[in-house]
Structure formats: structure tokens, C-alpha cells
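Below is one structure, written out as C-alpha cells; the observations come after it.
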Amino acid sequence: MEVYIRCVEKVLRRYVQRLQWLLSGPVLCRRTWYSTGSRRLFGTVLENRVCILLDTSGSMDPYLQQVKTELVLLIWEQLRKHCDSFNLLSFAEGLQWWQDTLVETTDAACHEAMQWVTHMQAQGSTSILQALMKAFSFHDLEGLYLLTDGKPDTSCSLVLNEVQRLREKRDVKVHTISLNCSDRAAAEFLRKLASFTGGRYHCPVGEDTLSKIHNLLTKGFIDEKVGCRATEHEVC
């Protein structure tokens, strides 16, 4: 039983470490955990050449300000540090793209992208298919990150079929992020789209759940050897 308990505690510590990494940014200091947000919403960007697709339809209005904030974090925390090139594209009834091609991730480019983000507005329908087709046209693209709160304004099966056709020529992974996990039909479509292309489906936790996770992680485990309570990254 003692061996079993030690193994379970080891596994739980790994889970805590993983949650801290997923929910926090690069800044960790003694007994303090600063959350920066980009991985909480967007997950981890895996590819070197990527395009971020952002739903700016009317239903996105309640989320848009927070999305803008965390998108700026994404630009500096992940795209600038880990990607060779990137582009941004917003979609509603029509499309708006930041650049005509993928752009090298320099400081200047990231500052320009930030300015572009501030002008996004929510209105209209959800033209996911048009956005995907435009993004697939970017040369050297490796990964797409699609953020939306609902289904496309066309048939879901049509979108999946068109993406299958596009991937016959371009092996691009589509990672999907749902801002409305209670919409089962939309969530199922996004899961299928991600799975179909070898990407990941992500549904960020709400503020209430995030607060509970913060409380759990800051409690940590009782270290019997030194007689104090410490999390995976803290020093007793």
C-alpha cells in the first residue's frame, strides 16, 4: 500500500506540473505563479509556419475583447519565440487578413500584428469554409489554429469534404478552439475537423473552473520529508 501511495503521488505531481505549464506563461518565481493566458485559450502552437483564424461574427461580440488580449499574448509568448512565420485572418460574412502571405516573426511584424488585432470588430455570419480555403493558399503553411464559438454558415459535411480535398495537395494540420463548449453540434464539428486533419481540439476552461484549478495547484502536496506544503515548482 505504501508503494502504491508513493506511485499515485508521483502521478499527481506530474499532473500538477503539466497543468501549471499549460495554464501559465514563462514567469515562475518563488511561491508565486503568474498566469499569462495564451496557452489557456489557444493551446500550444506546435508548427513553425502557422496562420491563426479568428471568428469575428456577431455572436463573438461577448468574447472579442478577451480574445484580442490573449491573441496579443499569443503573438509574443509563442509566435515570436517559437515560429518562423505567421499570419492572422479574421472571418465573418467576409474575410480580413493581416498580410497576403506568411510573414517572418520579427519584432516589427509582431508590433504590426498587434495593431491589426485592435481593429477587429464582431458582426455578421460565420464563413469558416472561406477562411479555411484562403488560409490553405498561403505558401509553406504547416498549421492552422481556428478559433470560433459555433458552426459554419454552410453544411458541416461540406466543410469537411472541402478540407479533405485541400489536404490532398497540402498536408496542413487544423487545430480547433471552441469558445462555446455547450453547443454540442458545434463542438462535434470542431472535434471532427481537428481529428480529420491530425490536429487537436481545444475547449478552454471557464473563469470559475480556472479559479478552482488555481486554488488546487497552489495548495500542492505535503512533503513528509521536510514537513511543509510545496507545489512542484516551489522551494520550501
**Prompt:** Among the clusters formed by ILVMFWY side chains lying less than 4.5 Å apart, do Met133 and Phe138 turn up in the same one?
**Reply:** yes

**Complete:** For His175 and Arg200, the nearest pair of non-hydrogen atoms, with its separation, is ND1-N, 3.0 Å

**side-chain contact (heavy atoms from CB on, under 4.5 Å) evaluation trace for Arg167 with Phe136** = CA-CA 9 Å; Arg167 291 191 77 249; Phe136 264 86; 3.9 Å; yes

**In one Ile/Leu/Val/Met/Phe/Trp/Tyr side-chain cluster, 4.5 Å: Leu41, Leu144** = no

**Message:** Can you see whether Asp149 engages Ser59 through a side-chain donor-acceptor pair at a distance of less than 3.5 angstrom?
**Reply:** yes

**Asked** Does the Thr106 side chain pair with the main chain of Ala109, one donor and one acceptor, at a distance under 3.5 Å?
**Response** yes

**Request:** Answer whether the closest heavy-atom distance between the side chains of Val11 and Arg14 falls below 4.5 Å.
**Result:** no

Could you go through residues 94-102 and list every donor-acceptor pair under 3.5 Å that involves a side-chain atom there, pairing it with any protein atom two or more places apart or in another chain?
| unit_1 | atom_1 | unit_2 | atom_2 | d |
| --- | --- | --- | --- | --- |
| Trp97 | NE1 | Asp100 | OD1 | 3.0 |

**Message:** Show the nearest heavy-atom pair for residues Cys83 and Thr105, with the distance to one decimal.
**Reply:** O-OG1, 2.5 Å

**Item:** Short side-chain to backbone donor-acceptor contact, Ser127 and Ala92, under 3.5 Å
**Value:** yes

**Tyr145 and its side chain to side chain contact (heavy atoms under 4.5 Å, CB included) partner, picked from Val50, Val174, Leu54** = Val50

**Prompt:** Just by distance, with hydrogens left out, do Gln164 and Glu168 show a side-chain donor and acceptor under 3.5 Å apart?
**Reply:** no

**Request:** Enter the distance from Asp171:CG to Leu166:CG here, rounded to the nearest 0.5 Å.
**Result:** 12.5 Å

**Asked** When you measure from the side chain of Lys68 to the backbone N and O of Met120, does any donor-acceptor pair fall under 3.5 Å?
**Response** yes

**Message:** Tell me whether Arg165 is salt-bridged to Glu162, with the criterion being a basic N under 4.0 Å from an acidic carboxylate O.
**Reply:** yes

**Message:** Testing the basics here: between Leu147 and Phe91, what is the closest heavy-atom pair and its distance to 0.1 Å?
**Reply:** O-CZ, 4.1 Å

**Asked** Taking a hydrophobic cluster as the set of Ile, Leu, Val, Met, Phe, Trp and Tyr residues connected by side-chain heavy atoms closer than 4.5 Å, whether directly or through intermediates, do Phe189 and Leu179 fall within one such cluster?
**Response** no

**Item:** With Cys110 via disulfide bond (SG atoms under 2.5 Å apart) - residues at least two apart
**Value:** none

**Asked** Got a second to check how far Ser155's OG is from Asn161's CG, nearest 0.5 Å?
**Response** 7.5 Å

**Message:** Could you go through Ile75 and Leu73, starting from their C-alpha distance and side-chain angles, then the distance that decides it, and tell me whether this counts as side-chain contact (heavy atoms from CB on, under 4.5 Å)?
**Reply:** CA-CA 5 Å; Ile75 290 171; Leu73 293 173; over 6 Å; no

**Request:** Output yes when a side-chain donor or acceptor of Arg49 lies under 3.5 Å from a complementary backbone atom of Ser85, and no otherwise.
**Result:** no

**Message:** I'd like to know if Asp183 pairs up with Lys151 as an ion pair, taking the criterion as any Lys NZ or Arg NE/NH1/NH2 lying under 4.0 Å from an Asp or Glu carboxylate oxygen.
**Reply:** no

**Asked** Out of curiosity, Thr44 OG1 to Leu46 CG, how far, rounded to the nearest 0.5 Å?
**Response** 6.5 Å

**Item:** Connected via hydrophobic side-chain network under 4.5 Å: Val159 and Leu190
**Value:** yes

**Request:** Quick one: closest heavy-atom pair of Asp153 and Ser125, and the distance?
**Result:** OD2-OG, 3.3 Å

**Prompt:** So which heavy atom on Leu141 is nearest to which on Cys51, and how close?
**Reply:** CD1-N, 3.6 Å

**Asked** What pair of heavy atoms forms the shortest contact from Thr148 to Met60, and how long is it?
**Response** C-SD, 4.4 Å

**Asked** Cluster question for you: counting only ILVMFWY and a side-chain heavy-atom cut-off of under 4.5 Å, with indirect links fine, are Leu53 and Val45 together?
**Response** no

**Item:** Working for side-chain contact (heavy atoms from CB on, under 4.5 Å), residues Asp55 and Tyr63
**Value:** CA-CA 10 Å; Asp55 183 354; Tyr63 313 106; over 6 Å; no

**Request:** Please step through side-chain contact (heavy atoms from CB on, under 4.5 Å) for the pair Ile52 and Phe86, ending with a clear verdict.
**Result:** CA-CA 8 Å; Ile52 313 299; Phe86 75 105; 5.8 Å; no

**Complete:** d(His202 NE2, Arg39 CZ) to nearest 0.5 Å is 11.0 Å

**Prompt:** How many angstroms lie between atom CD of Gln65 and atom OG1 of Thr69, to the nearest 0.5 angstrom?
**Reply:** 5.0 Å

**Fill in**
So CG of Leu71 and CG of Leu64: to nearest 0.5 Å the spacing works out to 10.0 Å

**Prompt:** Between Glu77 and His82, is any pair of side-chain heavy atoms under 4.5 Å apart?
**Reply:** no

**Prompt:** NZ of Lys134: more than 12 outside heavy atoms within 6.0 angstrom?
**Reply:** yes

**Prompt:** Is any side-chain heavy atom of Val172 less than 4.5 Å from a side-chain heavy atom of Thr197?
**Reply:** no

**Asked** Sub-3.5 Å donor-acceptor pair from the side chain of Thr126 to the main-chain atoms of Ile128, do we have one?
**Response** no

